[in-house]
Amino acid sequence: MARDYNFQEIERKWHQKWNELHTYKVTEDEEKKKFYVLNMFPYPSGAGLHVGHPLGYIASDIYARYKRLQGFNVLNPMGYDAYGLPAEQHAIKTGQHPEISTFQNIDHYREQLDKIGFSFDWDREVRTCTPDYYHWTQWAFQKMFGSFFCNKEQKAKPIEALVAHFEKEGTAGWDVACTEEMQFTAEEWNSWDEKKQSDVLMNYRLAFMGETMVNWCPQLGTVLANDEVVNGVSERGGYPVEQKKMRQWCLRVSAYSQRLLDGLDTIQWSDSIKETQKNWIGRSEGTEVEISVADSDIRFTIFTTRADTMFGVTFFVLAPESELVDQVTTAGQRAQVDEYIKYVKSRTERERMIDHTVTGVFSGAYGINPITGDRCPIYIAEYVLAGYGTGAIMAVPAHDSRDYAFARHFGLPVIPLVEGADVSEESYDAKEGIVTNSPVSKDKSVEYDGETLCLNGLSIKEAIRETKRFVSAHNLGRVKVNYRLRDAIFSRQRYWGEPFPVYYRHGIPTMIPEDCLPVKLPEVEKFLPTATGEPPLGNAQMWAWDEVNRKVVDKALIDDSTVFPIELYTMPGFAGSSAYYLRYMDPKNDKALVSEKAASYWQNVDLYVGGSEHATGHLIYSRFWNKFLFDLGISKKEEPFQKLINQGMIQGWSSFVFRVKGTQTYVSYDLLDVQYDDAAKKNRFFYQGTEADPIYTDISTVKNGNQLDVDKFRAWMPEFKEARIVTNEAGHYIISQAIEKMSKSKYNVVNPDDICERYGADTLRLYEMFLGPIEQSKPWDVAGIDGCFRFLKKFWTLYFDKEGNVSCDDSEPTADNMKSLHKLIRKVTADIEAFSYNTSVPAFMVATTELSQQKCRSRKVLEPLAVLIAPFCPHVAEELWEAMGHTTTVCDATWPVFEEKYMVESMVKMPVQFNGKVRFTMTFEASATPDAILEAVIGAPEAARYLEGMEVVKKIVVPGRIVNLVIKPKN
RNA sequence: GCCCUGAUGGUGGAAUGGUAGACACGAGGGACUUAAAAUCCCUUGGCCAUAACGGCUGUACGGGUUCGAGUCCCGUUCUGGGCACCA
């Protein structure tokens, strides 16, 4: 009976077996070392998986399988990030509950994933939208609500400790992360009523309700976090975003700025992601200086990183949103200031980002420079941001380009402070040079305690240090570290998200008792905001949610006869994805997020695989969330993800046909005139003078690379059925192509199911890895897949003879066999460790060819070989493993260990295809001369085998390493 | 503007400072076949040359270090990504 590589049968068989045997089920095992592999869980979209999705899953699956073969207890779970906007919008459109469509999509995803043969432990699956999961999202939120951050210890602590401190000492003597600096005494605190105390505590809680400027997106009807706004428009949908002051739930992520920054040094992430996060956190060390407003007792604080330029200040600027604006504005300037504020408010965030023209207005007031004693005008201008530093700056036009532009526009003086700096055309922003004019003359520097500041002759860096010292010593200000990182806005005005476990008792936000969690998402009839503008949850029959929630309400309101309103906001997308890796450790626990035992065993994720687009979103929030849980003792490691690999995107080939405007005529691309439109920055196409529009056509309608399959095109959509097709002279219709992100709307999606159908999952897995470095984005190109398929067929034949019988035997392997095998072991092991799977694939191909030529039959070679390929092509490996007589699965085999001795024994490396060239590799003393090396190699018995009857026509010696002999038969 | 990546054949991409272009795709040629498919073999960076041997050149560009540079250093030009009136 001939035994072909029948992948369909093999894959079906092993999927079933793995299921029956629970091959991938994992439990805590103290005897074994743990290894935690994790993929960023997918959002189950209606479009299903395309070939880009599995790229990361395959890479991590290879690693997980490899680690398992090395004897580790590997946790490799999968789940779904099930809350999201598309499901909600689908619900609004169709009226179908988002849960229904989400679960359908999940089923479809699961079906597709199962075909590819992953080693996921599906018993641990999580879905963020199920109550038993979001129970712990709500719980964590409540814990954050009940915590504050101690700056000194850099740690979260229970809010009760802070309250106790307030009761005894007020704000004195405790440095705590807060929204704004507050000062009050114990007497004041104790005199306040519950509402006032609650409001004050919001200033300190890690999850708090704050009146903040938020990114409001009218079209989506919700607020957005900073990372959800890209170029001034919403990331989803691309709608305009405006700034609006609203009361929202926030997470005090900024409290953890320094720890988030420091932690980056302890994890193995790519430099680019670390850099992105560093930028996002945006630490800057500077100085705060107190400025008093002339002829008043108003004082304000400015922040600068260039304390050395105090002598060059010629004006001050306040952000338009600053509370000081109102205070300092003089009666004479009031009207102009009001008008300017009105103008600023009318501008959207996007306009402000794109348009950098200089605007501003004089407030009428003057500030006193404490160093020089100069009176400098105070301006109000939108180039100063309220949210950063103190919302007020000192302007040094000579050494800051923005200040320079402003000074030139308003005719303000420019005082250069660096030797040789030419500021006639532009400012000198560089932090290099020798300071001068600081002060210009002795009387230009104010004396404090008998000391005046003089920076002349110092380098800029020295001058900054000296000014900091001076300012601190004489109490004019303080050294201060600022972070760009903002607190995360945590509420959304949507339906399809986690409900907040919060109700309002006499207007005070109050947590629903912990033992009543989870608060379930109520049913609503409509998924849109209510008529009164409340979020969609306002449509719910308030207290008629379900039995559990009635219990919640009963219990929460036990002392009251009134019914209190419950929070109508829901949590944002990142809520459910922030701690899911902990839940996988113990997914069915209904007593805790994760048990002490499971958390202690699994610790944190060793290898995390996902896209780099989450650098400033999920990957920041998750780190924050984990650090908080670490402070609570729940999470056992400060950092959640030890190593991170960012897989690139697989792009699709978009194909275009060209329809002549206003007709049903489609013209071949090569018959068109292409003109570049400068204004629109794109190409325009013309056919006999009439413009033709490019129209997406499905990739399935493309044949021979760039031709349209007219029959398929007509059949694809009804509107093309009667199309008039204009082909070129050869009778072909040429399409135009572009490489773009895979998307349903671009009709360029390649579905992994089709590949599995045609070539099998093993070929798909191998090919996706072969496509190129894992971290790189690359277009999908089916052309190369045949090569991988051919390889697998060839690999298969190593194990079977022509009659289809298993051909391996117990013979002793030759030196060449062992060398080929161990070369492969070394290469594949190193590649997997380094995540450069793409270079392992060729190594397999070479080894297969070599062993095939050597007619290797020894099971001492073929068995380890099957183990080596198991992480990549598990189905083939299992089948071969079984064929060789094993009763256990290949998953329980042992990863072969490379042994140097096999390389030495067979020193002569014989190219498979002998092109008159032999290469010898030996290690020599560094001092060995080329001649000595040559002599040693030619004299070696291994070489003699190849040199017999041959004549050496050329010798190439590379010192220390390689000897090449070009030989030909002696005539 | 600042920060981070990268630049190698027709294509994807290999090369601990040591034969540049592994492996694959594509292309060309051949074998088998009535034919097709499948399979197998050969050639394939460029230029020059040949009956044959061969020679020169070559990793974005310009320098440098080294016995030796795709790799290390300096400068330049582009590609991709991040941040951006952040003081």
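Every chain is numbered from 1 and lettered A, B, ... according to where its sequence line falls, protein lines coming before strand lines.
Between A:R484 and B:A87 there is no side-chain polar atom (N or O) within less than 4.0 angstrom of OP1 or OP2. Within the structure, every side-chain polar atom (N or O) of A:S612 is placed at least 4.0 Å from both OP1 and OP2 of B:G81. For the OP1/OP2 pair of B:A14 and a distance below 4.0 Å, the side-chain nitrogens and oxygens of A:N838 include at least one atom meeting the criterion. Contact annotation: A:K278 does not reach the phosphate of B:G82 (side-chain N/O to OP1 or OP2, under 4.0 Å). Distances shorter than 4.0 Å separate none of the side-chain N or O atoms of A:Y383 from OP1 or OP2 on B:A87.
Separating the C1' atom of B:C73 from that of B:G82 is a span of 27 Å, rounded to the nearest Å. Atom name P, nucleotides B:A20 and B:G55: the rounded distance is 13 Å, in whole Å. The gap from the P atom of B:G17 to that of B:U71 amounts to 11 Å, rounded to the nearest Å.
Using a 4.0 Å heavy-atom distance criterion, A:V841 is classed as making no nucleic acid contact. Counting any heavy atom pair closer than 4.0 Å across all strands shown, A:T309 reaches no nucleic acid atom.
If A:P773 and A:I273 are placed on RNA chain B by their nearest nucleotide, the residue sitting closer to the 5' end is A:I273.
By the rule that a glycosidic angle within 90° of 0 means syn, B:G9 counts as syn.
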**OP:** Verify side chain to side chain donor-acceptor pair (under 3.5 Å) between A:E382 and A:T359, making sure each step is shown before the conclusion.
**Re:** CA-CA 7 Å; A:E382 61 177 339; A:T359 65; 3.0 Å; yes

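If you measure from atom NZ of A:K274 to atom P of B:C4, you get 14 Å, rounded to the nearest angstrom.
Among the duplex regions that RNA chain B forms, those built from at least three successive Watson-Crick or G-U pairs under 3.5 Å are B:1-4 with B:80-83, B:10-12 with B:23-25, B:26-31 with B:39-44, B:45-48 with B:54-57, B:60-64 with B:72-76, ordered by first number.
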